[in-house]
Amino acid sequence: MTTTSTVAASAVVDAAGDLIAQLEREPHGQVSASVYETGRLVADAPWLTGHGRRLAYLLRQQGVDGTWGAADGYALVPTASAVEALLAALVRADPAEPGGPTRADLAVAGRRGLVALARLLDAAPSMPDTPAADLIVPALAARIDAHLDRMHHANDPSVTGAPRALPRVDRRRLDAVGALLVTDRPVPDKLWHAYEVLGPAAAGRSEIGPVAGAVGASPAATAAWLTHRPSVEQSARAYLDDVVARHGGPVPCCTPITVFERSWTLATLTRVGLPVRPSARLVTELAAALGSPGAATGPGLPADADTTAATLYALARLGRPVDPASLDHYDLGSHFCTWQGEDGHSVTTNAHVLEALGWHARHTGDGAARYAARVAALAGWLSDRQQRDGHWADRWHASPYYATCCVVLALAGYAPPGTARDRLDRAVDWVLATQRADGGWGRWSSTAEETAYAVHILLGTSQRSRPEVPSAVRRALTHLPVDAIEHPPLWHDKDLYAPLLIVRAAVLAARRLALRSAEAPSDGVSAGDGPSRAGS
């Protein structure tokens with residue numbers, strides 16, 4: 001390599017090492033703050049330290065159109081949460097904190113938000129497939145209507161000019177869950193992640209409680225659970241205090257994300273051959289997270305096939321393979337569910353399962369006999385999910401570049417030889433056709449994260465030898481900074497979020513591929529299937 005490229009490549013290796021150190025130093029994980037979740041703490045836990053900072057955060061995050069959140073329906077959930085939180089603070093007459101927003105500030109933002117929310121509901125948008133959206137929106141709409149009724153009757157000037165009530169919202173799913181909660185029938189564990197909108201009936205369920213201090217791995221769910229208890233549960237209060245302290249007032253949707261963050265980050269870095277050296281302790285802890293049903297993203301959440309598959313794949317690449325029998329819990333025959341009882345399906349979950357099973361089919365003594373047929377069938381199922389223009393879309397991410405990257409890397413690595421070539425060609429065509437004028441890629445604008453996925457697609461298949469690819473990758477390099485630490489939220493939880501280290505790993509891995517491609521275009525992906533070694 002030239003001196004300049006050697007320095008650039010060394011910077012990527014150094015940054016990857018720093019990333020691994022952060023995984024060990026901050027085991028809770030690094031996640032962007034959530035308007036939705038912060039709004040729920042404003043409404044349900046005004047007694048929690050940092051209340052004024054959370055109100056100020058909500059006001060800072062409001063858009064010029066009065067909404068919170070992204071376009072294409074993604075504003076509905078965070079806007080409903082922020083509006084309900086501001087109205088709750090006005091109804092309670094929360095005292096203003098020194099240097100914090102005044103009642104007048106809250107009233108202005110609340111009125112603008114109400115008008116915007118009514119406009120969103122009138123437009124009857126198709127809500128993105130984010131967790132519990134069909135429960136959250138009607139639950140918060142009912143609370144907002146109750147606040148408005150009280151404030152209008154009291155002639156509160158804060159709502160002068162605001163709607164007297166919101167447009168009608170479909171409550172059928174929320175009412176069905178409410179009816180289930182008052183029976184003795186089992187409730188899906190995943191519902192507890194949205195405990196805060198389940199209402200008083202949830203308080204009567206004896207099976208729900210904190211796991212490592214958290215209810216459903218969610219600050220909002222944990223705070224709401226505490227309000228239903230006659231005395232403070234110390235582990236839950238300690239969890240909330242810790243989350244608030246770590247994030248400075250505003251809070252993320254899901255925390256901690258230890259297994260999720262470690263498995264995705266390590267899989268991404270090792271896949272492109274970066275010489276990562278996680279400690280033996282970190283690798284042992286990752287392996288210990290795999291129980292009989294697999295691994296869960298966070299405490300209080302059910303184990304799922306996505307986190308399980310990513311953990312299995314990361315461990316295999318690190319030289320610590322674990323038998324993937326836990327994935328049998330999610331095998332539906334045609335494909336794998338993310339969890340039992342899932343509505344719909346996830347192509348990215350199945351892409352990660354394909355990588356996990358594909359690695360074992362290729363590298364373990366009886367793997368081919370046990371998994372080769374399943375790998376071939378799953379590769380076929382994923383191929384059939386491709387959209388006409390060549391991309392894939394998924395329920396866990398707003399960007400088609402993420403879904404397409406996951407599927408392309410899985411098919412390129414583990415589909416039976418020759419069976420997916422046409423699908424990969426079409427995916428590369430789509431990526432080349434959608435590069436923006438500034439050299440990046442993105443659903444709404446160019447982002448480092450989405451540009452990274454596009455580069456992985458271009459350089460992760462045999463199509464990297466096409467003459468258009470080197471030029472496209474060179475133009476993308478400016479969007480792959482080695483020191484990027486902030487990224488816009490694109491991942492699906494109750495609202496959009498960014499798992500910052502996971503995204504940074506994707507950017508660093510793409511930069512490594514791009515730099516190596518610039519030096520030796522025929523070199524391609526260098527990861528192979530050999531494991532990296534865990535340090536001591």
Any side-chain heavy-atom pair from [X] and [Y] closer than 4.5 angstrom?
X: Leu424; Y: Val408; value: yes
X: His193; Y: Lys190; value: no
X: Arg262; Y: Thr258; value: yes
X: Leu301; Y: Cys254; value: yes
X: Asp72; Y: Trp444; value: yes
X: Val276; Y: Leu19; value: no
X: Phe260; Y: Asp304; value: no
X: Leu198; Y: Leu135; value: yes

Can you say whether the rings of Tyr497 and Trp491 are parallel (under 30°), tilted (30 to 60°) or perpendicular (over 60°)?
tilted
Less than 3.5 Å apart, any donor N or O on the side chain of Asp44 or Thr227 sitting next to an acceptor on the other?
no
Quick one, His28 with Asp242, criterion side-chain contact (heavy atoms from CB on, under 4.5 Å). Give me CA distance, side-chain angles, the key distance, then yes/no.
CA-CA 10 Å; His28 283 87; Asp242 177 65; 3.8 Å; yes
Does the side-chain contact (heavy atoms from CB on, under 4.5 Å) test come out yes or no for Val272 and His456, once each step is laid out?
CA-CA 9 Å; Val272 299; His456 280 285; 3.9 Å; yes
Applying side-chain hydrogen bond (donor to acceptor under 3.5 Å, both in side chains), name anything that partners [X], two or more places apart in sequence or on another chain.
X: His492; answer: Tyr74
X: Ser383; answer: none
X: Glu207; answer: Arg205

Would the Tyr401 and Trp430 ring centres measure less than 6.0 Å apart?
yes
Can the ring centroids of Phe336 and Tyr330 be said to lie less than 6.0 angstrom from one another?
no
If you round to the nearest 0.5 Å, how far is [atom2] of [Y] from [atom1] of [X]?
X: Asp343; Y: Asp129; atom1: CG; atom2: CG; result: 8.5 Å
X: Asp366; Y: His360; atom1: CG; atom2: NE2; result: 10.5 Å
X: Tyr36; Y: Asp495; atom1: OH; atom2: CG; result: 8.5 Å
X: Leu357; Y: Tyr371; atom1: CG; atom2: OH; result: 6.5 Å
X: Asp170; Y: Leu121; atom1: CG; atom2: CG; result: 11.5 Å
X: Arg317; Y: Thr268; atom1: CZ; atom2: OG1; result: 10.5 Å

Taking every non-hydrogen atom, the tightest pair across [X] and [Y]:
X: Val169; Y: Ala141; result: CG2-CB, 3.9 Å
X: Ala80; Y: Leu140; result: C-CD1, 3.8 Å
X: Ala223; Y: Leu240; result: CA-CD1, 3.9 Å
X: Pro131; Y: Ile136; result: O-CD1, 4.0 Å
X: Ala201; Y: Leu181; result: CB-CB, 3.9 Å
X: Leu180; Y: Arg185; result: CD1-NH2, 3.4 Å

Thr297/Thr307 under side-chain hydrogen bond (donor to acceptor under 3.5 Å, both in side chains): CA gap, chis, key distance, verdict:
CA-CA 6 Å; Thr297 293; Thr307 308; 2.8 Å; yes
Please check this pair: side chain of [X] against backbone of [Y], looking for a donor-acceptor N/O pair closer than 3.5 Å.
X: Gln435; Y: Ala472; result: yes
X: Thr338; Y: Ala305; result: no
X: Thr419; Y: Ala415; result: no
X: Ser81; Y: Val77; result: no
X: Thr270; Y: Leu266; result: yes
X: Ser326; Y: Pro293; result: no
X: Glu24; Y: Leu282; result: no
X: Ser346; Y: Thr349; result: yes
X: Trp264; Y: Ala505; result: no
X: Arg426; Y: Gln387; result: yes

Lys/Arg cation over aromatic Trp381: Arg385, 6.0 Å, 45° cone
yes
So among Arg443, Glu450, Glu449, which one has a side-chain hydrogen bond (donor to acceptor under 3.5 Å, both in side chains) with Thr447?
Glu450
Only one of Thr348, Thr130, Asp493 passes side chain to side chain contact (heavy atoms under 4.5 Å, CB included) with Trp396; say which it is.
Thr348
Let me see the working for Arg466 and Asp429 under side-chain contact (heavy atoms from CB on, under 4.5 Å), right down to the final yes or no.
CA-CA 10 Å; Arg466 285 173 52 166; Asp429 289 341; 2.7 Å; yes
Apply side-chain contact (heavy atoms from CB on, under 4.5 Å) to the pair Trp359 and Leu312, showing each step before the final yes or no.
CA-CA 9 Å; Trp359 191 95; Leu312 289 165; over 6 Å; no
[X] and [Y] ion-paired at < 4.0 Å:
X: Lys494; Y: Glu37; answer: yes
X: Glu26; Y: Arg246; answer: no
X: Arg374; Y: Asp328; answer: no

